[in-house]
Student: 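Dumping the structure here so I can ask a few things about it.
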Amino acid sequence: MIPTSFEFYPPKTDEQRDQLDRTAKKLKTHAPDYVSCTFGAGGSTLDYTPETVERLHHHHGLDAAPHISCIGGTRAELGALLTRYKAMGCRRIVALRGDLPSGMARTGDFRYATDLVEFIRREHDGFFHIEVGCYPETHPQAEHALADLKHFKAKVDAGADGAITQYFYNADAYFRFVDDVRKLGVTIPIVPGIMPISNFSQLRRFSEACGAEIPRWISKRMLAYGDDIDSIREFAADFVAALCQRLIDGGAPALHFYTLNLAKPTQSVLARLS
Ligand code: FAD
């Protein structure tokens with residue numbers, strides 16, 4: 001079976017905590033390589049993310065990797081967070097720029113994820129395995145696709161050990177991206193980020209914000225099912241599993257699932273993979 005990792009967001013209420021506990025328990029049966037926990041840029045989850053990482057690690061026995069988003073943060077804040085993660089025994093960090101919530105205008109010491117990767121390398125050389133984000137369909141704020149590739153290469157040169165992609169539903173975009181960055185001399189693993197579908201309207205909103213394209217034929221099929229939730233879930237699991245199978249057959253080194261703290265959509269996809 002291909003190596004997998006599962007991404008969670010940090011719960012803030014007891015109800016959300018219970019849900020994450022149930023999900024982690026179920027997904028643990030798939031023996032993930034590691035799990036990761038997102039971080040709100042600007043510090044909105046400054047305590048929730050470490051608490052969740054601690055819980056996933058000690059309560060669930062999972063290798064848990066914190067995300068760190070640097071935008072709006074100071075060197076001192078991010079340095080303290082890294083020291084905290086080191087003391088907790090975390091060896092893997094997902095290093096990102098992040099997007100400040102609208103209306104928050106916090107100046108920070110870091111402009112791009114490359115600055116954070118350099119900082120982690122400088123302060124903790126070799127201790128952390130550093131994953132970064134990448135965008136087969138181009139980051140929405142990039143000047144153009146080639147500039148985005150160049151910036152990604154700079155981030156890798158700064159010291160990233162691996163990359164996880166933004167989710168996509170077009171396998172060719174991933175294969176093309178991998179070919180393009182290999183030509184630039186990037187050799188680190190590029191792991192596809194997979195977004196199983198549980199709520200199509202929410203997915204449409206996410207996709208508009210992050211620049212992931214939902215192919216027209218998929219939107220049309222989803223619309224045709226109307227309120228027939230069972231058919232939507234079956235169809236979504238079938239086509240996301242077919243995407244995963246194509247990625248595996250084409251040489252993807254692992255799959256990283258954006259779980260949104262739900263077990264079922266990810267499990268439905270995994271159950272369909274050979
Ligand atoms: P960067 O690599 O810094 O790139 C951002 C933009 O700046 C790109 O358009 C790039 O081309 C451009 N750029 C980079 N360097 C330069 C330069 N020197 N000059 C000019 N332009 C430049 N967000 C969160 O807030 N919390 C999370 O936990 C989180 N987890 C994520 C996990 C994954 C796997 C992915 C793919 C994304 C995640 N995000 C998260 C979203 C991410 O923070 C946003 O996509 C953000 O807009 C970009 O982050 P980045 O680290 O890719 O940024």
Side-chain angles (χ1 to χ4, degrees), residues 4-11 33-46 48-50 52-53 56 64-73 78 81 85 90 92-102 104 106 108-120 129-168 173-174 177 180-181 184 186 188-195 206-212 252-261:
T4 51
S5 49
F6 301 127
E7 180 174 311
F8 302 121
Y9 65 84
D33 258 20
Y34 70 97
V35 296
S36 76
C37 181
T38 61
F39 182 83
S44 57
T45 65
L46 202 50
Y48 294 116
T49 299
T52 307
V53 167
L56 290 166
H67 294 208
I68 298 187
S69 326
C70 61
I71 194 94
L78 295 168
L81 204 50
Y85 288 135
C90 300
R92 187 189 300 256
I93 298 278
V94 184
L96 302 140
R97 184 196 70 177
D99 296 305
L100 281 180
S102 59
M104 188 191 272
R106 242 187 128 199
D109 291 333
F110 301 86
R111 187 141 182 224
Y112 298 110
T114 305
D115 306 328
L116 177 62
V117 174
E118 274 168 4
F119 178 72
I120 300 174
H129 173 103
I130 306 174
E131 300 282 350
V132 291
C134 62
Y135 303 83
E137 295 179 318
T138 305
H139 186 267
Q141 290 155 11
E143 201 187 325
H144 52 69
L146 293 181
D148 206 30
L149 288 172
K150 206 178 81 192
H151 297 140
F152 174 63
K153 157 98 168 107
K155 193 157 60 171
V156 174
D157 290 346
D161 298 293
I164 306 169
T165 75
Q166 181 57 279
Y167 69 87
F168 56 86
Y174 169 79
F177 178 79
D180 286 346
V181 300
L184 292 177
V186 170
I188 60 168
I190 313 278
V191 174
I194 305 295
M195 179 72 93
F206 281 174
S207 302
E208 266 162 36
C210 73
L255 299 174
H256 179 82
F257 286 88
Y258 295 105
T259 71
L260 304 181
N261 294 8

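Both ligands and their constituent atoms are indexed starting at 1 by order of listing. Computation of the quantities below employed the complete heavy-atom set of this structure, encompassing side-chain atoms and omitting hydrogens, waters and symmetry-equivalent molecules.
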Student: So which protein heavy atom does atom 3 (O) of ligand 1 come closest to, and at what separation?
Tutor: A113 N, 2.8 Å
Student: Counting only nitrogen or oxygen atoms and a 3.5 angstrom limit, does T165 reach ligand 1?
Tutor: no
Student: Do me a favour and list the nearest non-hydrogen protein atom to atom 5 (C) of ligand 1 with residue, atom name and distance?
Tutor: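 Residue, atom and distance for the closest contact: R97 NH1, 3.7 Å.
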Student: Just to confirm my output: which protein heavy-atom neighbour is closest to atom 23 (N) of ligand 1, and how far is it?
Tutor: G98 CA, 4.0 Å
Student: Does ligand 1 have any atom that is closer than 4.0 Å to a heavy atom of Y258?
Tutor: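 Distance cut 4.0 Å: Y258 passes for ligand 1.
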Student: So, does N261 use its side chain to make a donor-acceptor pair with the main chain of Y9 at under 3.5 Å?
Tutor: yes
Student: Which ligand 1 atoms, with their elements, are less than 4.0 angstrom from a heavy-atom of I164?
Tutor: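 Once the distances to I164 are compared, the set is 34 (C), 36 (C).
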Student: Under 4.0 Å from ligand 1, counting heavy atoms only, is it the side chain of R111, its backbone, both or neither?
Tutor: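 It is neither; nothing of R111 touches ligand 1.
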Student: For ligand 1, is any non-hydrogen atom under 4.0 Å from Y135's backbone (N, CA, C, O), its side chain (CB onward), both, or neither?
Tutor: side chain
Student: With a heavy-atom distance limit of 4.0 Å, tell me whether A142 approaches ligand 1 through its side chain, its backbone, both, or neither.
Tutor: both
Student: What protein heavy atom sits nearest atom 20 (C) of ligand 1, and how far away is it?
Tutor: Y112 OH, 3.3 Å
Student: Mind checking what makes side-chain hydrogen bond (donor to acceptor under 3.5 Å, both in side chains) contact with S207, not counting sequence neighbours?
Tutor: Y167
Student: Atom 2 (O) of ligand 1: which protein heavy atom is closest, and how many Å away?
Tutor: K155 NZ, 2.7 Å
Student: What protein heavy atom lies closest to atom 8 (C) of ligand 1? Include the residue and the distance to one decimal.
Tutor: H139 ND1, 3.3 Å
Student: May I have the step-by-step check of side chain to side chain contact (heavy atoms under 4.5 Å, CB included) for L255 and V191, ending in yes or no?
Tutor: CA-CA 6 Å; L255 299 174; V191 174; 5.5 Å; no
Student: Can you name the atoms of ligand 1, numbered from 1 with element, that are less than 4.0 Å from a heavy atom of Q141?
Tutor: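 That gives atoms 9 (O) of ligand 1.
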Student: Donor-acceptor pair, distance only, cut-off 3.5 Å: does the side chain of H151 make one with the backbone of A147?
Tutor: yes
Student: Can a cation-pi geometry be assigned to R97 and F110, taking NZ or CZ under 6.0 Å from the six-membered ring centre and within 45° of the ring axis?
Tutor: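 No cation-pi geometry.
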Student: Partners of V156 by side chain to side chain contact (heavy atoms under 4.5 Å, CB included), sequence neighbours excluded?
Tutor: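 Partners of V156 under the side chain to side chain contact (heavy atoms under 4.5 Å, CB included) test: F152, V186, I188.
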Student: If the cut-off is 4.0 Å to any non-hydrogen atom of A41, which atoms of ligand 1 fall inside it?
Tutor: 25 (O)
Student: Quick check on contacts: which atoms of ligand 1 are under 4.0 angstrom from a heavy atom of D148?
Tutor: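 Here the atoms of ligand 1 in question are 8 (C), 9 (O), 10 (C), 11 (O).
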Student: Could you tell me whether atom 50 (P) of ligand 1 has a protein heavy atom closer than 4.0 Å?
Tutor: yes
Student: Quick check on contacts: which atoms of ligand 1 are under 4.0 angstrom from a heavy atom of Q166?
Tutor: 36 (C)
Student: Between T165 and P136 (side chain of the first, backbone of the second, donor and acceptor by atom type, cut-off under 3.5 Å), is there such a pair?
Tutor: no
Student: Test H67 against S36 for side chain to side chain donor-acceptor pair (under 3.5 Å), laying out the working first.
Tutor: CA-CA 7 Å; H67 294 208; S36 76; 2.8 Å; yes
Student: Quick one: nearest non-hydrogen protein atom to atom 39 (N) of ligand 1, plus distance?
Tutor: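 Closest protein heavy atom to atom 39 (N) of ligand 1: L96 CD2, 4.1 Å.
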Student: Could you grab the distance from atom CG of D148 to atom NZ of K153, nearest 0.5 Å is fine?
Tutor: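 Here the interatomic distance stands at 15.0 Å.
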Student: For ligand 1, which part of H67 has a heavy atom less than 4.0 Å away: the side chain, the backbone, both, or neither?
Tutor: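 It is the side chain that gets close, since no backbone atom is under 4.0 Å.
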Student: Checking the side chain of Y174 only, and the main-chain atoms of I190 only, is there a donor and an acceptor separated by less than 3.5 Å?
Tutor: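 Flag set: sc Y174 to bb I190 pair under 3.5 Å.
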Student: T49 and T38: which non-hydrogen atoms are nearest, and at how many Å?
Tutor: OG1-O, 2.8 Å
Student: What residue and atom, counting heavy atoms only, is the protein's closest point to atom 21 (N) of ligand 1, and at what distance?
Tutor: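 Closest protein heavy atom to atom 21 (N) of ligand 1: H151 CE1, 3.2 Å.
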Student: How long is the straight-line distance from CG of L56 back to OH of Y34, given to the nearest 0.5 Å?
Tutor: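 Taking OH in Y34 and CG in L56, the distance rounds to 13.0 Å.
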Student: Please find the pair of heavy atoms, one from I71 and one from A41, that lie closest to each other, and give the distance.
Tutor: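 Here I71 and A41 meet closest at CG2-CB, 3.7 Å.
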Student: When you measure from atom 47 (O) of ligand 1 to each heavy atom in D99, T49, V191, I68, which option holds the nearest one?
Tutor: D99
